Number of protein chains: 2
Amino acid sequence: MYGRKDKKFKLTPAMEDYLEAIATIKQKQGVARVRDIGDFLHVKPSSVHSALSNLSKRGFVIHERYEFVDLTSEGEKAAKDVIKRHEILLNFLTTVLGIDWSVANKDACLMEHSLSGETVQKLTKFVEFAQNRPGQDRPEWLHSFEHYYQTGEFRNCRKRAGK
Amino acid sequence: MYGRKDKKFKLTPAMEDYLEAIATIKQKQGVARVRDIGDFLHVKPSSVHSALSNLSKRGFVIHERYEFVDLTSEGEKAAKDVIKRHEILLNFLTTVLGIDWSVANKDACLMEHSLSGETVQKLTKFVEFAQNRPGQDRPEWLHSFEHYYQTGEFRNCRKRAGK
DNA sequence: TAATAATCTTAGACTAATCTAACATTTAAA
DNA sequence: TTTAAATGTTAGATTAGTCTAAGATTATTA
């Protein structure tokens, strides 16, 4: 409804990063300052400033000179969206593929801006499927994958009686 | 060995796209012209030109004025690398997640530049695991995922006797 | 072979994102 | 409450990647 698909409102990866950073910092510290955002994203205050003036013009953040930075409801929504995508990807990479957190986190950062809605949705379902199976922590096939990854051998989970 | 991790040689996503395009076009048509590359990537010939002069300076392509474009062995290697990542991602998205080819292809294009070696490797193994299980086309759990995706219900593949 | 079409190159403008360096304001401390 | 430190802003440069428009070269075809 809010036209996130409209070209006029489409955020670049960098701008999504800023929104994500602001939301994350606010969540942790209550308020977000220019400095914090810069530290979070490893960019200089002047870069933050120009990003903020862009996002502010476009209605995603509120930023008065020398004051704390805040998100509009539009900005908050966009930030939540990015963070959710990030978490889904991170979850997939760590719990399904078994990638180290720090590598997975970096990869999630890189992927979170580019994926189509359809892929994100399916991935979400996939992670749910891999995690939430009732009555067991991890499904058998996931253990089998680990085994395959370690040894290159297919383990007979069922079928064919064997071994 | 060839220092693809060296900053000096690190290719941007755009440059990787050019290499990928050149390799793909050459494979299909024998030779690659500036025009073909532009059509492939939906950019103008002048953009192709400036990309080529960059890639040529850095030793990835060979391009004499008004002639066909070719890859050096270095360029060929980089192109193969990108194409392989693309295929792994495409495979995962289509065969495991069941995403439509055209969406999956677009998503693969976007992800192929950003993933860490570790993630790509695990994803490769995962696709192998999902596809190459001997004696059956698709593993049971993949069918179960489809069922979960359609209905939201976990099907009892084994365990707990039920249903 | 001369005219026309297709392709390629160059020059120069533009946008997004970053930086440095200088300056302004606010906050904290002496 | 004045000074010093931290933080924020502005101006201007830089880089990567794209574009348009004009000109150069090659290929086609009449």
Side-chain angles (χ1 to χ4, degrees), chain A residues 6-22 25-26 29-71 75 78 82 109-110 112-114, chain B residues 6-22 25-26 29-71 75 78 82 109-110 112-114:
Chain A
D6 188 325
K7 276 182 189 178
K8 297 279 168 121
F9 289 90
K10 215 179 148 202
L11 291 159
T12 59
M15 292 305 127
E16 285 190 343
D17 281 336
Y18 281 104
L19 295 177
E20 190 180 11
I22 294 163
I25 291 163
K26 268 194 64 185
Q29 327 195 328
V31 294
R33 292 171 309 167
V34 169
R35 186 62 197 279
D36 301 326
I37 300 166
D39 289 348
F40 191 95
L41 295 175
H42 305 110
V43 297
K44 301 295 172 194
S46 59
S47 305
V48 177
H49 185 83
S50 81
L52 290 178
S53 87
N54 170 3
L55 290 169
S56 165
K57 248 183 285 181
R58 296 164 68 187
F60 291 101
V61 312
I62 294 160
H63 185 218
E64 304 285 333
R65 281 168 118 263
Y66 298 105
E67 310 258 302
F68 294 134
V69 179
D70 213 339
L71 295 168
V82 180
C109 279
L110 294 164
E112 74 197 10
H113 307 294
S114 44
Chain B
D6 188 325
K7 276 181 186 176
K8 296 281 169 122
F9 289 91
K10 213 179 149 202
L11 291 158
T12 59
M15 292 307 126
E16 285 190 344
D17 281 336
Y18 282 102
L19 295 177
E20 190 180 11
I22 295 163
I25 292 162
K26 268 194 65 186
Q29 327 196 329
V31 295
R33 291 171 310 164
V34 169
R35 186 63 197 279
D36 300 326
I37 300 167
D39 289 349
F40 191 94
L41 297 175
H42 304 111
V43 297
K44 302 294 171 194
S46 58
S47 305
V48 177
H49 185 82
S50 80
L52 290 178
S53 86
N54 170 4
L55 289 169
S56 165
K57 247 183 283 180
R58 296 164 67 189
F60 291 100
V61 312
I62 295 160
H63 184 217
E64 304 286 332
R65 281 169 120 263
Y66 298 104
E67 310 257 302
F68 294 133
V69 179
D70 213 340
L71 295 168
V82 180
C109 280
L110 294 165
E112 74 196 12
H113 307 293
S114 42

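Owing to the predicted nature of the structure, the values given are computational and were not obtained by experimental measurement. Chain letters run A, B, ... following the sequence lines, proteins first, then strands; residues in each count from 1.
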Approximate separation, where rounding is to 0.5 Å, of [X] [atom1] and [Y] [atom2]:
X	Y	atom1	atom2	value
A/D39	A/R33	CG	CZ	8.5 Å
B/S114	A/E112	OG	CD	10.5 Å
A/C109	A/E16	SG	CD	11.5 Å
B/R58	B/K10	CZ	NZ	11.0 Å
B/I22	B/I37	CD1	CD1	4.5 Å

* Asked: Got more than 12 heavy atoms from elsewhere within 6.0 Å of CD, A/E64?
  ->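 Atom CD in A/E64 is not packed in, count stays at 12 or less.
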Starting at [atom1] of [X] and ending at [atom2] of [N], how long is that distance when rounded to a whole Å?
X	N	atom1	atom2	answer
A/E64	C/dT26	CD	C1'	16 Å
B/H49	C/dA11	NE2	P	9 Å
A/R33	D/dA6	CZ	C1'	9 Å
B/R35	C/dT9	CZ	C1'	15 Å
A/D39	D/dG8	CG	C1'	13 Å
A/I37	C/dT18	CD1	P	13 Å
A/K57	C/dA17	NZ	P	12 Å
A/L55	C/dA16	CG	P	12 Å

* Structure fact -> Per-nucleotide protein contact along nucleotides 17-26 of chain D, 5' to 3', at a 4.0 Å heavy-atom cut-off (B base, S sugar-phosphate only, - neither), is SBBB---BSS
